[in-house]
Amino acid sequence: MTKSGSAEWTGSIKEGKGTVSTESGALNAQPYGFNTRFEGQPGTNPEELLGAAHAACFSMALSNLLGAEGITPGRIETTSKVTIEKKGDGFEITGVHLVTQIVADAEESVLMEVAQKAKTGCPVSKLFNAEVTMEATIG
């Protein structure tokens, strides 16, 4: 299976503007730029999109692993916080922190163990060349 996303950029790095789209149409010419990435202006940016993809992937992986244990979660809410920092002449993603709340009828120790497996096993986690950490709460 192959899915695609696309981006278009015009202009210089600071004054230029871009749009990002997904094959499904969930994003269609969504604007982004230097100001949305580094200056806190409204709009999206690559790190935010990576965070959304990571949160979705992790939540699905966790649901799958819980199902393998005979546990059906009532709800999984996840945020992925992606940190980008200046390193040398460029920028680097230096960390990713998952914050998840798991509502399921199971022992807390089992839920935490399965969450750790999902954190390392989710395909998007495997993409990052940065430390991926997690904070999980039950209930």
Side-chain angles (χ1 to χ4, degrees):
M1 174 174 29
T2 302
K3 299 292 181 180
S4 66
S6 62
E8 183 178 312
W9 184 266
T10 55
S12 67
I13 187 65
K14 285 203 172 187
E15 290 77 28
K17 301 214 180 294
T19 58
V20 61
S21 301
T22 58
E23 175 183 355
S24 69
L27 293 176
N28 186 15
Q30 177 66 42
Y32 76 103
F34 186 89
N35 61 350
T36 65
R37 192 172 193 186
F38 298 110
E39 297 174 348
Q41 296 298 309
T44 194
N45 59 69
E47 291 72 34
E48 176 181 75
L49 296 171
L50 287 170
H54 193 207
C57 183
F58 168 83
S59 295
M60 290 179 73
L62 179 54
S63 178
N64 181 50
L65 292 172
L66 288 171
E69 297 288 328
I71 302 165
T72 302
R75 186 177 78 251
I76 299 169
E77 290 183 22
T78 306
T79 300
S80 176
K81 299 179 180 186
V82 179
T83 301
I84 185 169
E85 295 181 273
K86 184 148 179 56
K87 294 283 186 169
D89 292 339
F91 288 86
E92 184 177 311
I93 291 175
T94 57
V96 181
H97 183 67
L98 292 166
V99 178
T100 190
Q101 182 178 34
I102 307 158
V103 177
D105 187 21
E107 292 289 324
E108 184 171 334
S109 62
V110 172
L111 295 174
M112 294 300 281
E113 180 181 329
V114 175
Q116 286 294 330
K117 288 180 185 175
K119 179 189 73 128
T120 57
C122 132
V124 174
S125 288
K126 293 177 182 181
L127 280 174
F128 288 112
N129 187 24
E131 181 182 15
V132 178
T133 60
M134 182 182 68
E135 176 183 330
T137 56
I138 309 303

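Scanning for salt bridge (charged side-chain N to carboxylate O under 4.0 Å, His left out) contacts around E77 gives R75, with sequence neighbours left out. Residues that satisfy the side-chain contact (heavy atoms from CB on, under 4.5 Å) test with T137, not counting sequence neighbours, are Q101. Residues satisfying the side-chain contact (heavy atoms from CB on, under 4.5 Å) test with I84, not counting sequence neighbours, are R37, F38, E47, F91. The salt bridge (charged side-chain N to carboxylate O under 4.0 Å, His left out) search around K117 returns E113, not counting sequence neighbours. In this view, A26 and T22, S24 satisfy the side-chain contact (heavy atoms from CB on, under 4.5 Å) rule, not counting sequence neighbours. Residues forming a side-chain hydrogen bond (donor to acceptor under 3.5 Å, both in side chains) with T78 (at least two apart in sequence, or on another chain): S59, T100. Annotation: salt bridge (charged side-chain N to carboxylate O under 4.0 Å, His left out) contacts of E92 (sequence neighbours excluded): none. Residues passing the side-chain contact (heavy atoms from CB on, under 4.5 Å) test with T120, sequence neighbours excluded: none.
Counting only distance, with no hydrogens or angles, the side chain of S4 and the backbone of E23 share no donor-acceptor pair below 3.5 Å.
Separation of atoms NE2 (H54) and SG (C122) is listed at 4.0 Å; rounding is to 0.5 Å.
Here M60 sits alone; no ILVMFWY side chain lies under 4.5 Å from its own, so it joins no hydrophobic cluster. Other residues sharing the hydrophobic cluster of V96, ordered by chain and number and joined by side-chain separations under 4.5 Å: L50, F58, L62, L65, L66, I71, I76, V82, I93, L98, I102, V110, L111, M112, V114, V124, F128, V132, M134, I138. As a member of the Ile/Leu/Val/Met/Phe/Trp/Tyr network built from side-chain separations under 4.5 Å, V99 groups with nothing else and remains a singleton.
Side-chain contact check for T44 and Q30: no donor-acceptor pair (N or O, by modelled atom type) lies under 3.5 Å.
Atom NZ of K3 sits in a sparse spot, with 12 or fewer heavy atoms from other residues, nucleotides or ligands closer than 6.0 Å. Counting heavy atoms of neighbouring residues, nucleotides and ligands inside a 6.0 Å radius, atom CD of Q41 exceeds 12 of them.
Between S80 and G51, the closest heavy-atom pair is CB-O, 3.2 Å.
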Would you be so kind as to tabulate the donor-acceptor pairs closer than 3.5 Å made by side chains of residues 5-14, with sequence neighbours excluded?
unit_1	atom_1	unit_2	atom_2	d
W9	NE1	G11	O	3.0
S12	OG	E15	N	3.3
S12	OG	E15	OE1	2.7

